[in-house]
Trainee: 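What follows is a single structure, and I will ask about it in a moment.
In this text the structure is predicted, and so the values were computed from the model without any measurement. These numbers come from the heavy atoms of this one structure, side chains and all, not from hydrogens, waters or symmetry mates.
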Amino acid sequence: MTLWFVFALMTVAAIFAVLWPLSRRGRADTGGSEVVVYRDQLAEIDRDMAAGIIGAAEADAARVEISRRLLAAADQSGRETPMQGSLNLRRTAAIVGLVGLPVIASGFYLALGSPRLGDFPLAERGRVADANQPLANLVAQVEAHLEKNPTDGRGWTVLAPVLSRLGRYDDAVRAYRNAITYAGDSADRRADLGEALMGTAGGVVTADAKAEFERAIALNGDDAKANYFLGLAAEQDGRKADAAALWQKMLAKAPADAPWRPLVQAALVRVGGSVPGSVSAPGGVSAPALPDSAVAAARDMSEADRGTMIKGMVDRLATRLKTNGDDVEGWLRLVRAYLVMGERDKAMSALADARQAVANDADRLRQLNEGLKNLGLDG
């Protein structure tokens with residue numbers, strides 16, 4: 001408010017400086033008083049001549065001079081009325097300018113300006129983030145900020161996952177370590193750091209990465225990412241039974257709608273483990289999850305009959321999706337079923353059909369791609 005008050009005073013002062021001369025007379029109003037004086041002088045000449053103080057010739061000369069001045073004064077007095085009208089006009093213009101200009105300017109500013117916009121230092125104006133800039137440019141701006149503010153934990157937290165997505169794993173590792181140092185330790189940050197360390201090793205769970213996952217578990221025993229990658233470490237070490245046991249434990253404790261369930265189920269199938277809530281298809285491979293009634297009936301079937309039942313359910317799902325292609329969850333179940341059954345070609349064909357079915361719906365397409373990534377497929 002103080003700033004606005006100062007601006008108002010400056011505006012009024014500037015307007016007065018321009019309009020004040022308009023309110024003043026061009027010259028003093030003395031015409032009327034001069035006429036009276038000259039008339040008194042004429043009367044005085046008559047008195048002096050009658051008293052014998054001056055002669056007739058001198059009196060006539062004085063009358064001529066005073067009469068000339070009287071005529072000039074009378075002429076000037078006759079011009080006072082138009083001058084007064086011009087003065088009134090100037091004063092009216094001054095008042096209109098003094099009051100009208102600020103009102104008009106304020107109206108334009110309120111309509112076109114931003115009175116509630118906060119101060120934006122000049123040095124910062126060249127660094128305004130543009131959503132249309134390439135991601136690399138935005139990352140460079142954040143990195144430049146962090147070079148000047150290396151203890152900005154929030155900045156490191158935001159930057160680290162972006163660097164991982166860009167494949168800059170060495171930089172991501174550094175960013176995650178700084179995020180832990182300046183923003184605090186957590187299971188999520190430790191798990192993300194371990195994943196970045198895996199990225200630097202081409203997807204291998206190294207000793208350093210495994211140590212970070214174990215630190216994450218120490219902070220939160222149910223951290224999904226850390227548990228999954230510890231199972232992957234066991235698989236890479238050749239301990240498939242240990243990997244299967246860890247992943248089965250994850251699935252048993254996880255909610256039914258956990259987004260990572262398909263990924264863990266596929267990993268279990270890969271190491272030969274059984275998925276909780278599934279039945280075994282011919283050859284010992286875990287089949288897709290079935291309704292409870294179907295699972296109960298399948299327990300009493302032979303291997304061949306069970307396989308036939310599972311295949312029939314998958315075929316019916318595929319047929320239904322041909323007529324109702326908007327069911328994204330259905331498409332994901334079908335792709336997962338084909339993968340579990342070892343029919344990858346059919347899985348990829350279903351994937352292509354699913355994308356074509358939801359191609360015109362951005363939300364469903366995004367949901368489909370996210371689900372495919374959870375299945376280990378390229379979304």
Trainee: With a 4.5 Å heavy-atom cut-off, do Trp156 and Thr181 have their side chains touching?
Mentor: no
Trainee: Might you confirm whether atom CZ of Arg320 has over 12 heavy atoms from other residues, nucleotides or ligands at distances under 6.0 Å?
Mentor: yes
Trainee: Can you measure from CG (Asp192) to CD1 (Ile180) and round to the nearest 0.5 angstrom?
Mentor: 9.0 Å
Trainee: Indicate yes or no: at least one non-hydrogen side-chain atom of Met348 is less than 4.5 angstrom from one of Arg344.
Mentor: yes
Trainee: Do the side chains of Gln367 and Val358 get nearer than 4.5 Å, heavy atoms only?
Mentor: no
Trainee: Contact between Leu334 and Trp331 at the side-chain level, heavy atoms closer than 4.5 Å - yes or no?
Mentor: yes
Trainee: How many angstroms lie between NZ in Lys210 and CG in Asp237, if you round to the nearest 0.5 Å?
Mentor: 6.0 Å
Trainee: Can you see which heavy atom on Asp242 is nearest to which on Ala234, and at what distance?
Mentor: CB-CB, 4.2 Å
Trainee: Please round to the nearest 0.5 Å and tell me the distance separating atom CD of Glu212 and atom CZ of Arg215.
Mentor: 4.5 Å
Trainee: For Asn227 versus Asp223, what's the shortest heavy-atom pair and its separation?
Mentor: ND2-O, 2.9 Å
Trainee: Please round to the nearest 0.5 Å and tell me the distance separating atom CG of Leu365 and atom CG of Asn360.
Mentor: 9.5 Å
Trainee: Quick check: do Met198 and Tyr169 have side-chain heavy atoms less than 4.5 Å from each other?
Mentor: no
Trainee: Kindly compute the distance separating CG (Leu159) from CG (Leu138), expressed to the nearest 0.5 Å.
Mentor: 11.5 Å
Trainee: Mind listing the closest non-hydrogen atom pair of Gly231 and Ala243 along with its distance?
Mentor: O-CB, 3.2 Å
Trainee: With a 4.0 Å cut-off, would you call Asp188 and Lys225 a salt bridge?
Mentor: no
Trainee: To check you understand the geometry: which heavy-atom pair defines the closest contact between Ala209 and Gly194, and what is its length?
Mentor: CB-O, 3.5 Å
Trainee: Closest heavy-atom contact between Ile217 and Ala226?
Mentor: CD1-CB, 3.7 Å
Trainee: Treating Ile, Leu, Val, Met, Phe, Trp and Tyr as nodes and any side-chain heavy-atom pair under 4.5 angstrom as an edge, say whether Leu193 and Leu163 lie in one connected cluster.
Mentor: no
Trainee: Kindly determine whether Gln141 and His145 satisfy side chain to side chain contact (heavy atoms under 4.5 Å, CB included), including the steps that lead there.
Mentor: CA-CA 6 Å; Gln141 292 181 12; His145 164 76; over 6 Å; no
Trainee: Under 4.5 Å between any side-chain heavy atoms of Arg189 and Leu219, yes or no?
Mentor: no
Trainee: How about Trp260 and Leu251: do any of their side-chain heavy atoms sit closer than 4.5 Å?
Mentor: yes
Trainee: Are any non-hydrogen side-chain atoms of Tyr338 and Ser349 less than 4.5 angstrom apart?
Mentor: no
Trainee: Roughly how far, to the nearest 0.5 Å, is CG of Leu268 from CZ of Arg261?
Mentor: 10.0 Å
Trainee: Less than 4.0 angstrom from a charged side-chain N to a carboxylate O is my criterion; do Arg333 and Glu329 meet it?
Mentor: no
Trainee: Can you name the nearest heavy-atom pair linking Trp247 to Glu235, along with the distance?
Mentor: CH2-OE1, 3.5 Å
Trainee: Could you go step by step and tell me if Val142 and Val158 meet the side chain to side chain contact (heavy atoms under 4.5 Å, CB included) rule?
Mentor: CA-CA 9 Å; Val142 177; Val158 171; 5.8 Å; no
